[in-house]
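Below you'll find the structure, written out as C-alpha coordinates, and then a few comments.
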Amino acid sequence: DAKTTQPPSMDCAEGRAANLPCNHSTISGNEYVYWYRQIHSQGPQYIIHGLKNNETNEMASLIITEDRKSSTLILPHATLRDTAVYYCIVRARFYNQGGKLIFGQGTELSVKP
Amino acid sequence: DVKVTQSSRYLVKRTGEKVFLECVQDMDHENMFWYRQDPGLGLRLIYFSYDVKMKEKGDIPEGYSVSREKKERFSLILESASTNQTSMYLCASSPLLNTEAFFGQGTRLTVV
(Lines give C-alpha, C1' and ligand atoms only; values in the text may rest on other atoms or scores of the structure.)
Protein backbone atom coordinates (compact mmCIF):
# COMPACT_ATOMS: atom_id res chain seq x y z
CA ASP A 1 0.00 0.00 0.00
CA ALA A 2 1.10 3.54 -0.74
CA LYS A 3 2.33 5.36 2.35
CA THR A 4 1.30 8.81 1.15
CA THR A 5 -1.90 10.82 0.90
CA GLN A 6 -2.41 13.48 -1.77
CA PRO A 7 -5.43 15.48 -2.92
CA PRO A 8 -6.85 13.91 -6.10
CA SER A 9 -6.85 17.14 -8.09
CA MET A 10 -5.75 20.77 -8.03
CA ASP A 11 -5.95 23.76 -10.34
CA CYS A 12 -3.34 26.48 -10.80
CA ALA A 13 -3.24 29.64 -12.90
CA GLU A 14 -0.48 29.86 -15.47
CA GLY A 15 2.49 31.83 -14.16
CA ARG A 16 1.54 31.33 -10.52
CA ALA A 17 3.21 28.99 -8.07
CA ALA A 18 1.72 25.52 -7.76
CA ASN A 19 1.95 24.05 -4.25
CA LEU A 20 1.23 20.35 -4.10
CA PRO A 21 0.86 18.85 -0.61
CA CYS A 22 1.61 15.33 0.53
CA ASN A 23 1.06 13.60 3.86
CA HIS A 24 3.38 10.78 4.90
CA SER A 25 2.73 10.52 8.63
CA THR A 26 4.19 7.00 8.93
CA ILE A 27 7.51 7.81 7.28
CA SER A 28 10.48 6.20 8.98
CA GLY A 29 13.96 7.55 9.52
CA ASN A 30 15.56 5.81 6.55
CA GLU A 31 12.92 6.81 4.03
CA TYR A 32 13.22 9.57 1.48
CA VAL A 33 10.42 11.61 -0.08
CA TYR A 34 10.34 11.46 -3.87
CA TRP A 35 8.24 13.35 -6.38
CA TYR A 36 7.49 12.18 -9.92
CA ARG A 37 5.09 13.44 -12.51
CA GLN A 38 3.39 11.82 -15.46
CA ILE A 39 2.28 13.81 -18.43
CA HIS A 40 -0.49 12.17 -20.42
CA SER A 41 0.63 9.16 -22.51
CA GLN A 42 4.23 9.36 -21.26
CA GLY A 43 6.23 7.45 -18.67
CA PRO A 44 6.69 9.05 -15.23
CA GLN A 45 9.44 11.63 -14.90
CA TYR A 46 11.56 12.22 -11.80
CA ILE A 47 11.30 15.71 -10.30
CA ILE A 48 13.09 15.87 -6.95
CA HIS A 49 13.73 14.01 -3.72
CA GLY A 50 14.83 14.77 -0.16
CA LEU A 51 15.37 13.32 3.28
CA LYS A 52 14.81 16.12 5.78
CA ASN A 53 16.29 19.30 4.38
CA ASN A 54 14.52 21.44 1.82
CA GLU A 55 15.72 20.82 -1.72
CA THR A 56 15.65 22.86 -4.92
CA ASN A 57 16.55 22.05 -8.48
CA GLU A 58 15.81 23.52 -11.88
CA MET A 59 12.32 22.04 -11.92
CA ALA A 60 10.95 22.53 -8.41
CA SER A 61 11.45 23.00 -4.70
CA LEU A 62 10.66 20.44 -2.02
CA ILE A 63 9.73 21.62 1.46
CA ILE A 64 9.68 18.91 4.17
CA THR A 65 8.25 19.70 7.58
CA GLU A 66 10.49 19.39 10.60
CA ASP A 67 8.68 16.27 11.84
CA ARG A 68 8.89 14.87 8.27
CA LYS A 69 5.22 13.90 8.31
CA SER A 70 4.34 16.04 5.33
CA SER A 71 5.91 17.82 2.39
CA THR A 72 5.06 20.30 -0.34
CA LEU A 73 6.26 20.33 -3.91
CA ILE A 74 6.46 23.85 -5.32
CA LEU A 75 6.52 24.64 -9.03
CA PRO A 76 7.44 28.33 -8.84
CA HIS A 77 5.98 29.52 -12.15
CA ALA A 78 3.59 26.93 -13.51
CA THR A 79 3.13 26.63 -17.27
CA LEU A 80 0.56 24.75 -19.31
CA ARG A 81 3.19 22.04 -19.89
CA ASP A 82 3.19 21.33 -16.15
CA THR A 83 -0.30 19.87 -16.42
CA ALA A 84 0.24 16.29 -15.24
CA VAL A 85 -0.38 13.79 -12.46
CA TYR A 86 2.09 14.36 -9.63
CA TYR A 87 3.10 11.46 -7.40
CA CYS A 88 4.59 11.72 -3.93
CA ILE A 89 6.41 8.55 -2.87
CA VAL A 90 8.34 7.50 0.23
CA ARG A 91 11.15 5.09 -0.41
CA ALA A 92 13.92 3.54 1.66
CA ARG A 93 17.51 4.02 0.62
CA PHE A 94 18.29 0.37 -0.06
CA TYR A 95 16.15 -2.25 -1.72
CA ASN A 96 16.38 -4.55 1.31
CA GLN A 97 14.94 -1.80 3.46
CA GLY A 98 11.88 -1.63 1.26
CA GLY A 99 13.43 0.45 -1.46
CA LYS A 100 10.78 -0.38 -4.05
CA LEU A 101 9.16 2.53 -5.81
CA ILE A 102 5.46 2.30 -4.94
CA PHE A 103 3.09 4.81 -6.54
CA GLY A 104 -0.15 6.06 -4.99
CA GLN A 105 -2.99 7.76 -6.81
CA GLY A 106 -1.25 11.12 -7.17
CA THR A 107 -2.60 14.64 -7.69
CA GLU A 108 -3.88 15.68 -11.09
CA LEU A 109 -2.65 19.24 -11.56
CA SER A 110 -4.39 21.34 -14.19
CA VAL A 111 -2.63 24.57 -15.13
CA LYS A 112 -5.10 26.96 -16.70
CA PRO A 113 -4.42 30.03 -18.88
CA ASP B 1 20.81 11.23 -22.26
CA VAL B 2 19.82 8.28 -20.20
CA LYS B 3 17.53 5.87 -21.91
CA VAL B 4 15.06 3.12 -21.07
CA THR B 5 13.70 1.55 -24.22
CA GLN B 6 10.67 -0.68 -24.43
CA SER B 7 10.50 -2.87 -27.49
CA SER B 8 6.99 -1.93 -28.62
CA ARG B 9 4.77 1.09 -28.14
CA TYR B 10 1.58 -0.77 -29.08
CA LEU B 11 0.92 -4.50 -29.10
CA VAL B 12 -2.18 -6.59 -29.85
CA LYS B 13 -2.19 -10.26 -28.83
CA ARG B 14 -4.74 -13.04 -28.68
CA THR B 15 -6.01 -14.71 -25.53
CA GLY B 16 -3.78 -17.62 -24.57
CA GLU B 17 -0.71 -16.39 -26.41
CA LYS B 18 2.66 -16.17 -24.69
CA VAL B 19 3.74 -12.54 -24.70
CA PHE B 20 7.19 -11.07 -24.16
CA LEU B 21 7.67 -7.41 -23.27
CA GLU B 22 11.28 -6.33 -23.51
CA CYS B 23 13.02 -3.47 -21.74
CA VAL B 24 16.60 -2.31 -22.22
CA GLN B 25 18.48 0.37 -20.30
CA ASP B 26 21.82 1.87 -21.24
CA MET B 27 22.81 3.30 -17.85
CA ASP B 28 24.34 0.23 -16.18
CA HIS B 29 21.64 0.38 -13.48
CA GLU B 30 21.28 -2.45 -11.00
CA ASN B 31 17.53 -2.06 -10.36
CA MET B 32 14.85 -2.63 -12.97
CA PHE B 33 11.07 -2.57 -12.53
CA TRP B 34 7.91 -3.54 -14.37
CA TYR B 35 4.65 -1.71 -13.65
CA ARG B 36 1.22 -1.78 -15.15
CA GLN B 37 -1.02 1.25 -15.21
CA ASP B 38 -4.80 1.16 -15.40
CA PRO B 39 -7.35 3.99 -15.13
CA GLY B 40 -8.37 4.54 -11.54
CA LEU B 41 -5.75 2.11 -10.20
CA GLY B 42 -2.57 4.05 -10.88
CA LEU B 43 0.82 2.39 -11.34
CA ARG B 44 1.14 -1.01 -9.72
CA LEU B 45 4.41 -2.85 -9.33
CA ILE B 46 4.48 -6.29 -10.94
CA TYR B 47 8.10 -7.39 -10.43
CA PHE B 48 11.46 -5.83 -9.82
CA SER B 49 15.03 -7.00 -10.09
CA TYR B 50 18.03 -5.69 -8.16
CA ASP B 51 20.67 -7.73 -9.95
CA VAL B 52 21.20 -10.13 -12.82
CA LYS B 53 19.14 -13.30 -12.33
CA MET B 54 17.57 -11.83 -9.18
CA LYS B 55 13.90 -10.96 -8.99
CA GLU B 56 11.32 -10.02 -6.41
CA LYS B 57 7.56 -10.03 -6.62
CA GLY B 58 5.80 -6.73 -6.52
CA ASP B 59 2.19 -6.17 -5.58
CA ILE B 60 0.50 -7.95 -8.50
CA PRO B 61 2.79 -10.74 -9.82
CA GLU B 62 0.03 -13.25 -10.62
CA GLY B 63 -0.06 -14.21 -14.28
CA TYR B 64 3.40 -12.75 -14.96
CA SER B 65 6.99 -13.86 -14.83
CA VAL B 66 10.25 -12.03 -15.52
CA SER B 67 13.71 -12.75 -16.79
CA ARG B 68 16.96 -10.86 -16.23
CA GLU B 69 19.83 -12.70 -17.90
CA LYS B 70 21.83 -9.54 -18.60
CA LYS B 71 22.12 -6.39 -16.55
CA GLU B 72 20.72 -4.13 -19.25
CA ARG B 73 17.67 -6.21 -20.16
CA PHE B 74 14.56 -7.04 -18.14
CA SER B 75 11.78 -9.03 -19.78
CA LEU B 76 8.18 -9.36 -18.65
CA ILE B 77 6.44 -12.56 -19.72
CA LEU B 78 2.74 -13.24 -19.88
CA GLU B 79 2.63 -17.03 -19.99
CA SER B 80 -0.95 -17.17 -21.28
CA ALA B 81 -2.35 -13.74 -22.03
CA SER B 82 -5.83 -12.92 -20.81
CA THR B 83 -8.11 -9.98 -21.52
CA ASN B 84 -7.66 -8.65 -17.97
CA GLN B 85 -4.00 -8.13 -18.78
CA THR B 86 -4.91 -5.45 -21.29
CA SER B 87 -3.05 -2.46 -19.88
CA MET B 88 -0.21 0.04 -20.21
CA TYR B 89 3.06 -1.58 -19.14
CA LEU B 90 5.92 0.61 -17.94
CA CYS B 91 9.53 -0.38 -17.38
CA ALA B 92 11.93 1.59 -15.18
CA SER B 93 15.52 1.38 -14.01
CA SER B 94 17.54 2.97 -11.21
CA PRO B 95 20.95 2.62 -9.63
CA LEU B 96 21.13 0.43 -6.54
CA LEU B 97 21.44 3.26 -4.11
CA ASN B 98 18.78 5.83 -3.46
CA THR B 99 18.33 8.01 -6.48
CA GLU B 100 15.95 8.69 -9.31
CA ALA B 101 14.36 6.04 -11.49
CA PHE B 102 14.04 6.44 -15.25
CA PHE B 103 10.99 5.21 -17.08
CA GLY B 104 10.40 4.00 -20.60
CA GLN B 105 7.59 5.35 -22.73
CA GLY B 106 5.37 2.37 -22.08
CA THR B 107 3.81 -0.48 -24.07
CA ARG B 108 0.08 -0.42 -24.53
CA LEU B 109 -0.92 -4.07 -24.69
CA THR B 110 -4.35 -5.14 -25.87
CA VAL B 111 -5.38 -8.78 -25.44
CA VAL B 112 -8.32 -9.78 -27.63
Side-chain angles (χ1 to χ4, degrees), chain A residues 1-9 22 27-53 55 57-60 62 64 73 84-108, chain B residues 1-6 8-10 21 23-25 27 29-51 54-61 66 68 74 87-108:
Chain A
D1 288 340
K3 300 179 183 179
T4 62
T5 305
Q6 298 176 253
S9 63
C22 180
I27 193 170
S28 57
N30 69 338
E31 288 181 320
Y32 287 69
V33 180
Y34 278 78
W35 283 85
Y36 284 76
R37 73 180 183 183
Q38 187 174 23
I39 295 169
H40 183 63
S41 296
Q42 297 183 21
Q45 176 192 22
Y46 165 83
I47 302 172
I48 199 167
H49 75 280
L51 183 63
K52 54 184 178 181
N53 297 322
E55 302 286 345
N57 63 20
E58 64 279 3
M59 288 182 69
L62 174 60
I64 302 174
L73 178 75
V85 178
Y86 286 78
Y87 297 98
C88 169
I89 300 162
V90 294
R91 180 191 184 194
R93 178 174 173 85
F94 298 105
Y95 111 89
N96 60 355
Q97 296 174 351
K100 297 181 290 186
L101 205 58
I102 303 295
F103 287 78
Q105 294 299 311
T107 295
E108 188 164 5
Chain B
D1 272 357
V2 296
K3 210 161 186 182
V4 177
T5 303
Q6 295 183 228
S8 304
R9 192 85 167 94
Y10 299 94
L21 301 183
C23 176
V24 177
Q25 50 100 357
M27 297 162 281
H29 285 169
E30 291 84 0
N31 291 335
M32 295 189 75
F33 307 82
W34 274 107
Y35 294 85
R36 65 177 281 178
Q37 185 169 29
D38 302 285
L41 297 175
L43 282 93
R44 294 180 290 167
L45 182 64
I46 305 172
Y47 267 98
F48 75 102
S49 168
Y50 54 91
D51 200 353
M54 305 303 287
K55 60 186 179 185
E56 295 264 347
K57 292 180 180 179
D59 298 320
I60 51 163
V66 290
R68 187 137 181 233
F74 192 35
S87 185
M88 169 69 85
Y89 289 88
L90 288 153
C91 174
S93 75
S94 77
L96 188 62
L97 297 182
N98 190 49
T99 185
E100 64 183 285
F102 296 87
F103 282 80
Q105 285 296 92
T107 296
R108 186 165 292 282

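In what follows, chains are A, B, ... by sequence order, proteins preceding strands, each numbered from 1.
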*asked:* side chain to side chain contact (heavy atoms under 4.5 Å, CB included), that's the test. Do F102(B) and Q45(A) meet it? Break it down for me.
replied: CA-CA 7 Å; F102(B) 296 87; Q45(A) 176 192 22; over 6 Å; no
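- Minimum heavy-atom separation, R91(A) to S94(B): NH2-OG, 3.5 Å.
- Put simply, the side chain of Q38(A) does not reach to within 4.5 Å of the side chain of F103(B), judged on heavy atoms.
- Contact of the Q105(B) side chain with the Q42(A) side chain is registered, since non-hydrogen atoms from C-beta on lie closer than 4.5 Å.
- Residues passing the side-chain hydrogen bond (donor to acceptor under 3.5 Å, both in side chains) test with Y89(B) are Y64(B), sequence neighbours excluded.
- Residues G43(A) and L90(B) come closest through the heavy atom pair CA-CD2, 3.8 Å.
- No donor-acceptor pair under 3.5 Å is formed between the side chain of Y34(A) and the backbone N or O of A101(B).
- Between Y87(A) and L43(B) there is a side-chain heavy-atom pair separated by less than 4.5 Å.
- Neither the backbone nor the side chain of Q6(B) comes within less than 4.5 Å of any heavy atom in chain A.
- In this structure D38(B) satisfies the salt bridge (charged side-chain N to carboxylate O under 4.0 Å, His left out) test together with R36(B), R44(B), sequence neighbours excluded.
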